[in-house]
Amino acid sequence: MPLIDNDLLSIQEARILLEHAEESQGVLEGMGDGLVRGFLQQLRERLLPQAGDLAKQACLESGYGNPEDERALTEWVLTEMLDEVSSQLEVQQIYRDGWTHGVETGLPKGVVVSFLPDWLTVPTLLSQLLCAVKAKTPVIFSARVRTHATCESLMAEVADVAAACHYPLEALGFLHQYSEEGDAWLACQPSVRMVIDSREYERVVASDLGGKDVYHASIGNNPVFVEETADLAHCAEEVVAGKSFCYGMMPGAEQSLVVERAVDEQFRAQLKARGCYFLSDEEAESLAKTLFKPCGKPYRELIGKSAFDMARRAGLVVPESTKVLVVEKPYVSEHSVFSKAKYGPVLSYYVEESWRCACEKCIELILNSGDGNALSIFSRDGEVVRQFVLKKPVGRILVNVGTGMGATGCHSTLPKTLTITGWDNACSSDMGVTYRDFIRRRQVGVGASHGDCGLLKDAGLMDPDEATAPTACESACEKEPDRLEECREKPASESMSNWFSSLLEDVKTY
């Protein structure tokens with residue numbers, strides 16, 4: 001039997017995929033917006049009925065996660081997230097920027113390479129695919145062996161839809177001959193403009209590469225602070241839902257609870273009523289030895305398991321209805337596995353005397369791992385909210401909503417995404433990779449005294465006034481027509497200031 005150099009075959013295929021992707025850029029730029037919208041709509045109609053089967057196949061192949069939860073997440077991507085992406089401004093159009101009141105145009109960023117994670121692979125692939133198609137930019141996906149067959153069959157379905165919609169197949173690449181060498185070769189190529197590395201367990205890209213936009217996605221070490229004025233029942237509901245969904249593998253999933261002592265006992269009762277089991281010190285030690293290697297890394301085969309299954313493997317007796325295992329700790333330690341991100345339904349629990357002490361504890365937790373993805377605060381005190389919003393080194397702050405569902409935009413007003421990045425990438429990725437990261441902006445200006453502004457309308461493919469982007473204030477007030485009309489009549493800076501003040505007032509009276 002002849003020997004086959006899989007790494008060389010993988011690099012060869014990667015080279016061909018990249019050449020085709022580069023050639024497709026010109027075709028995409030000349031493509032009509034109607035064809036793009038039609039392709040996105042056909043993807044929804046073709047893949048939505050298959051969401052359950054895709055989720056089962058992915059969970060069976062990878063051994064991670066919950067098929068029902070992954071099905072629900074895939075449906076969310078193909079409905080709510082697709083609607084949000086479809087509503088974004090078209091590329092290659094001239095429009096007014098609602099933030100600066102200037103004129104801009106959006107252009108495709110260039111070839112995108114995405115290294116998919118081993119969990120939640122199907123919804124992650126689809127979420128990035130929607131953004132790439134809308135932005136008219138080529139994308140190449142690569143999946144590890146653990147989810148390779150599922151992604152391969154999914155991309156075959158996508159290719160069938162693309163062919164029927166006359167969308168260039170060369171713009172939708174997938175590395176069929178997987179190898180680490182093939183991935184590394186792709187990441188280093190100068191023609192690749194953007195790299196998304198979602199393999200948190202084993203990174204493909206170690207650092208920034210030659211001016212590329214590189215995004216390192218991760219679950220993150222995300223704390224939740226429960227202040228004494230919080231709605232404890234609502235808080236417990238959000239935390240348990242976020243941490244148990246897909247067995248704790250959601251991007252931005254809660255990792256630690258920091259609770260003010262005044263409400264400690266009441267909050268424990270709320271958590272226990274919703275399926276949380278508090279471990280003793282001995283039980284916590286047994287769990288740590290079972291789930292984590294001596295070096296602190298989790299055992300790969302124990303990632304994304306149910307709370308009951310994890311407890312059983314550790315020799316612990318817990319009710320079958322247990323959704324989350326809770327470990328109470330007195331302090332944060334860089335040597336403790338419970339002070340870092342936990343790849344399953346396990347929460348650390350800290351009790352602090354005051355919100356100021358809790359504030360410091362949250363900072364310790366975030367800095368202990370370096371992944372400042374999200375932080376959630378449950379409170380009705382506007383001043384406490386203000387301090388957390390302004391002083392925490394995280395990319396996303398959630399108020400009265402959990403990080404597991406809030407950071408992705410499921411239960412919050414944040415942009416919808418399944419690719420959450422840490423604080424280190426906050427300035428370039430808006431703390432999560434969304435449609436805006438697949439395009440590059442170009443500002444447009446004319447001489448103010450020559451009456452040339454009308455030229456921009458003539459040069460654009462749509463009327464700039466009709467393409468005005470909504471301000472953040474308008475987005476926040478869209479469900480309140482009276483407030484929305486008032487915001488539109490005010491300057492952007494004033495309306496934003498008033499919007500934030502009203503947010504704090506709403507928190508006080510929640």
Side-chain angles (χ1 to χ4, degrees), residues 52 55-56 58-59 62-76 117 119-120 123-124 218-224 226 231-259 267-279 283-284 287 290-291 298 302-314 316-328 337-338 340-349 373-376 378 398 400-412 418 420:
K56 289 179 183 178
C59 291
S62 67
Y64 299 146
N66 182 323
E68 281 303 306
D69 289 345
E70 186 157 341
R71 174 195 59 77
L73 194 61
T74 301
E75 291 176 348
W76 175 78
W119 49 80
L120 299 182
T124 300
S218 65
I219 290 177
N221 192 20
N222 312 299
V224 175
V226 184
D231 182 335
L232 301 182
H234 172 68
C235 176
E237 194 72 33
E238 280 285 322
V239 169
V240 174
K243 189 57 175 173
S244 61
F245 192 85
C246 283
Y247 299 148
M249 303 307 291
M250 274 287 282
E254 296 85 352
Q255 301 297 333
S256 303
L257 287 168
V258 182
V259 184
F267 189 57
R268 286 174 187 259
Q270 294 287 348
L271 290 175
K272 291 177 181 178
R274 288 164 176 78
C276 290
Y277 181 87
F278 282 75
L279 301 176
E283 290 174 325
L287 183 67
T290 302
L291 299 183
L302 296 180
I303 291 175
K305 304 299 181 184
S306 70
F308 180 76
D309 189 12
M310 294 169 68
R312 179 183 60 81
R313 292 169 186 256
L316 309 180
V317 179
V318 302
E320 288 190 33
S321 59
T322 300
K323 293 183 176 180
V324 179
L325 302 174
V326 183
V327 179
E328 186 171 4
V337 293
F338 294 116
K340 304 180 186 295
K342 298 165 280 293
Y343 299 85
V346 180
L347 279 172
S348 300
Y349 192 93
N373 289 10
L375 178 146
S376 179
F378 286 82
L398 287 308
N400 291 327
V401 62
T403 60
M405 295 300 185
T408 57
C410 285
H411 288 182
S412 71
L418 288 181
I420 306 294

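The chain is numbered in sequence order, starting from 1.
Checked by atom type and distance alone, the side chain of N373 pairs as donor or acceptor with a backbone atom of I219 at under 3.5 Å. Side chain of S348 to backbone of F338: a donor-acceptor contact under 3.5 angstrom is found. With N222 contributing its side chain and A253 its backbone, the two residues share a donor-acceptor pair below 3.5 Å. Not a single donor-acceptor pair under 3.5 Å links the side chain of H411 to the backbone N or O of G402. Side chain of T403 to backbone of G252: a donor-acceptor contact under 3.5 angstrom is found.
In this structure, CG on L287 lies 10.5 Å from NZ on K342, to the nearest 0.5 angstrom. The distance from the OH atom of Y247 to the CG atom of D309 is 8.5 Å, given to the nearest 0.5 Å. Taking CD from Q270 and CG from D231, the interatomic distance works out to 8.5 Å, rounded to the nearest 0.5 Å. The NZ atom of K243 sits 15.0 Å away from atom NZ of K323, with the distance rounded to the nearest 0.5 Å. Rounding to the nearest 0.5 angstrom, the gap separating the CD1 atom in I420 from the CE atom in M250 is 8.5 Å. To the nearest 0.5 Å, the span separating NZ on K305 from CE on M310 amounts to 10.5 Å.
The aromatic rings of Y349 and F278 lie perpendicular to each other, with more than 60° between the two planes, well past the 30° mark.
What you find for S412 and V401 is that their closest heavy atoms are CB-CG1, 4.4 Å. Here the closest heavy-atom approach between residue G65 and residue C59 is recorded as C-SG, 4.1 Å. Looking at every heavy atom in both residues, V326 comes nearest to C276 through CG2-CB, 3.9 Å. Residues L120 and C246 come closest through the heavy atom pair CD2-SG, 3.4 Å. The minimum heavy-atom distance between F267 and A236, with the atom names listed, is CE1-N, 3.8 Å. What you find for F308 and P319 is that their closest heavy atoms are CD1-O, 3.6 Å.
With a 4.5 Å cut-off on side-chain heavy atoms, Y64 and M249 do not count as touching. At least one side-chain heavy atom of P123 sits less than 4.5 Å from a side-chain heavy atom of T74.
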Between L418 and L73, does the side-chain contact (heavy atoms from CB on, under 4.5 Å) criterion hold? Intermediate values first, please. CA-CA 10 Å; L418 288 181; L73 194 61; 4.1 Å; yes
I'd like to know whether L257 forms a side-chain contact (heavy atoms from CB on, under 4.5 Å) with L271, so could you lay out the CA-CA distance, the side-chain angles of the two residues, the decisive distance to 0.1 Å, and finally the verdict. CA-CA 11 Å; L257 287 168; L271 290 175; 3.8 Å; yes
